[in-house]
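Along the sequence shown, residues carry numbers from 1. These numbers come from the heavy atoms of this one structure, side chains and all, not from hydrogens, waters or symmetry mates.
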Amino acid sequence: MVTSPPYYWQRDYKVPGQIGQEKTIDGFVKNIAESMDQVRRVLTNDGLLFLNLGDTYYSAKGQPKGVDKKSSARRFGLRAVDASGLGVPRKTVIGIPWRVALEMVSRGWILRSPIVWTRKGAIPEPTAKDRPWRTYEMIFMFSKSPRYYFSRAALSRDEDIWTISSRRRSNGGVHAAAYPEELVEKCIKVGCREKGRVLDPFAGTGTTLRVALRLGRGAAGIDMSEEFCDYMVGELRAL
């Protein structure tokens, strides 16, 4: 299973019940963990889960004004990370990936490896004048059982730091989140047998499915957005 769920208050997918716009940090963490509970239910005993999660800063400055030079998609009204009362100090990075990972461990997942994805060509953060720019994200490798399929050769000596371009794939403007095919390919080769099956429960525009099929694996994807599902179908039919 390879997936990248919605990040906390980074985009509005305009779908009722979407994950990512919870009023509290704990609410978001709980919703992601509950989704992963269902993944654990259907994952084979020798399967692996690769979970990509980004972090979020708490501004508490009120509704943003002007243009976001890094991501215009974050301009959609007053977000919980801009309002007061979130329960963490202003300007702190919230630690979303590790909050989710630890919650999943408490629910029975085995966290085998935190992997640092160094985003080659990461978008600059011109407004971040009093901290380093963020150039990496976390990928957590979870197992369901102590023994599982794992290909060390597929790591290509990268171990737990993977330097992969964050360049966006052209998709007709449907979705702008950086989720490169090279990243998905590495996860699949490391953790899925040849002719195995791959699931992405937050399939978006279908990157995981396209890569899995190209690598000779079966693929299943789920998404709440009808627009994304229609796009995925068109993309997969063109393979």
Side-chain angles (χ1 to χ4, degrees), residues 1-7 19-20 31-54 96-97 100-101 104-105 109-120 136-145 148-156 158-169 171 175 177-225 228-229 231-232 235-236 239:
M1 186 268 205
V2 184
T3 196
S4 182
Y7 296 175
I19 287 177
N31 282 342
I32 293 291
E34 287 182 350
S35 297
M36 295 303 106
D37 286 345
Q38 298 306 310
V39 167
R40 188 167 179 265
R41 179 178 60 83
V42 300
L43 188 67
T44 58
N45 287 333
D46 65 348
L48 286 176
L49 156 63
F50 291 88
L51 178 63
N52 169 225
L53 285 170
I96 290 288
V100 171
M104 289 173 60
V105 169
W109 282 99
I110 301 171
L111 178 54
R112 292 297 292 135
S113 180
I115 298 165
V116 174
W117 166 29
T118 301
R119 299 180 302 167
K120 184 178 179 181
Y136 77 94
E137 287 185 9
M138 298 304 304
I139 301 169
F140 294 111
M141 190 182 91
F142 287 98
S143 70
K144 179 176 179 175
S145 307
Y148 47 85
Y149 175 79
F150 177 79
S151 172
R152 169 156 290 280
L155 285 173
S156 302
D158 285 339
E159 300 304 334
D160 60 354
I161 299 179
W162 300 355
T163 301
I164 294 173
S165 173
S166 60
R167 185 178 60 183
R168 292 176 171 88
R169 178 182 183 274
N171 52 28
H175 189 35
Y179 185 55
E181 292 191 355
E182 184 181 350
L183 177 66
V184 176
E185 180 174 336
K186 196 171 192 71
C187 293
I188 292 175
K189 287 182 175 179
V190 165
C192 183
R193 302 177 187 278
E194 293 186 10
K195 298 184 180 180
R197 294 174 294 171
V198 179
L199 168 67
D200 186 348
F202 297 96
T205 55
T207 301
T208 297
L209 279 65
R210 286 194 305 272
V211 175
L213 293 173
R214 176 164 52 81
L215 294 176
R217 274 74 166 179
I222 303 166
D223 204 275
M224 293 179 70
S225 168
F228 286 177
C229 289
Y231 181 87
M232 270 190 284
E235 287 280 291
L236 297 177
L239 292 179

Q) Take atom OH in Tyr136; do more than 12 heavy atoms of anything else shown fall under 6.0 Å from it? A)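 Open.
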
Q: Flag yes if more than 12 heavy atoms outside Leu239 fall under 6.0 Å of its CG atom; otherwise flag no.
A: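 For Leu239, atom CG is crowded (more than 12 foreign heavy atoms under 6.0 Å).
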
Using side-chain heavy atoms (C-beta onward) and a distance below 4.5 Å, is [X] in contact with [Y]?
X	Y	result
Pro97	Phe140	yes
Val42	Leu199	yes
Phe50	Val198	no
Trp162	Leu155	yes
Met1	Met36	yes
Leu209	Asp200	yes
Ile115	Met141	yes
Tyr7	Glu137	yes

Q) Going by atom types alone, do Ser113 and Asp160 pair a side-chain donor with an acceptor below 3.5 Å? A)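 Per modelled atom types, Ser113 and Asp160 side chains form no pair under 3.5 Å.
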
Q: Classify the side-chain pair Tyr179/Thr208 by whether it contains a donor and acceptor separated by less than 3.5 Å.
A: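 Their side chains do contain a donor-acceptor pair, which is all the 3.5 Å distance test asks for.
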
Atom [atom1] of [X] and atom [atom2] of [Y]: how far apart are they, to the nearest 0.5 Å?
X	Y	atom1	atom2	result
Leu53	Ile32	CG	CD1	6.5 Å
Thr3	Ile222	OG1	CD1	9.5 Å
Glu34	Ile19	CD	CD1	8.5 Å
Tyr148	Ile110	OH	CD1	8.0 Å
Thr163	Arg119	OG1	CZ	12.5 Å
Leu183	Thr207	CG	OG1	10.0 Å

Q) How far apart are the C-alpha atoms of Ile164 and Trp117, what are their side-chain angles, what is the distance that settles it, and do they pass the side-chain contact (heavy atoms from CB on, under 4.5 Å) test? A) CA-CA 7 Å; Ile164 294 173; Trp117 166 29; 3.5 Å; yes

**Q.** Asp46 with Arg193: basic N within carboxylate O range, under 4.0 Å
**A.**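 So Asp46 pairs with Arg193 through a salt bridge.
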
Q | Contacts of type ring pair (Phe, Tyr, Trp, His ring centres under 6.0 Å), residue Phe202, not counting sequence neighbours | A |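 Checked Phe202 against ring pair (Phe, Tyr, Trp, His ring centres under 6.0 Å); zero matches.
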
Q. Who pairs with Phe142 by ring pair (Phe, Tyr, Trp, His ring centres under 6.0 Å), at least two apart in sequence or on another chain?
A.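 Trp109.
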
When you measure from the side chain of [X] to the backbone N and O of [Y], does any donor-acceptor pair fall under 3.5 Å?
X	Y	value
Ser156	Asp158	no
Arg217	Cys192	yes
Lys144	Arg40	yes

Q: Dump the intermediate steps for salt bridge (Lys or Arg N to Asp or Glu O under 4.0 Å) on Arg152 and Glu159, then the final yes or no.
A: CA-CA 9 Å; Arg152 169 156 290 280; Glu159 300 304 334; 2.8 Å; yes

Heavy-atom pair of closest approach, residues [X] and [Y]:
X	Y	answer
Phe228	Asp223	CD1-OD1, 3.6 Å
Gly221	Ala203	CA-CB, 3.9 Å
Val2	Cys187	CG2-CB, 3.9 Å

Q: Let me see the working for Leu51 and Met104 under side-chain contact (heavy atoms from CB on, under 4.5 Å), right down to the final yes or no.
A: CA-CA 11 Å; Leu51 178 63; Met104 289 173 60; 3.7 Å; yes

Q | Non-neighbouring partners of Glu185 that pass salt bridge (Lys or Arg N to Asp or Glu O under 4.0 Å), sequence neighbours left out | A |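 Checked Glu185 against salt bridge (Lys or Arg N to Asp or Glu O under 4.0 Å); matches are Lys189, Arg214.
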
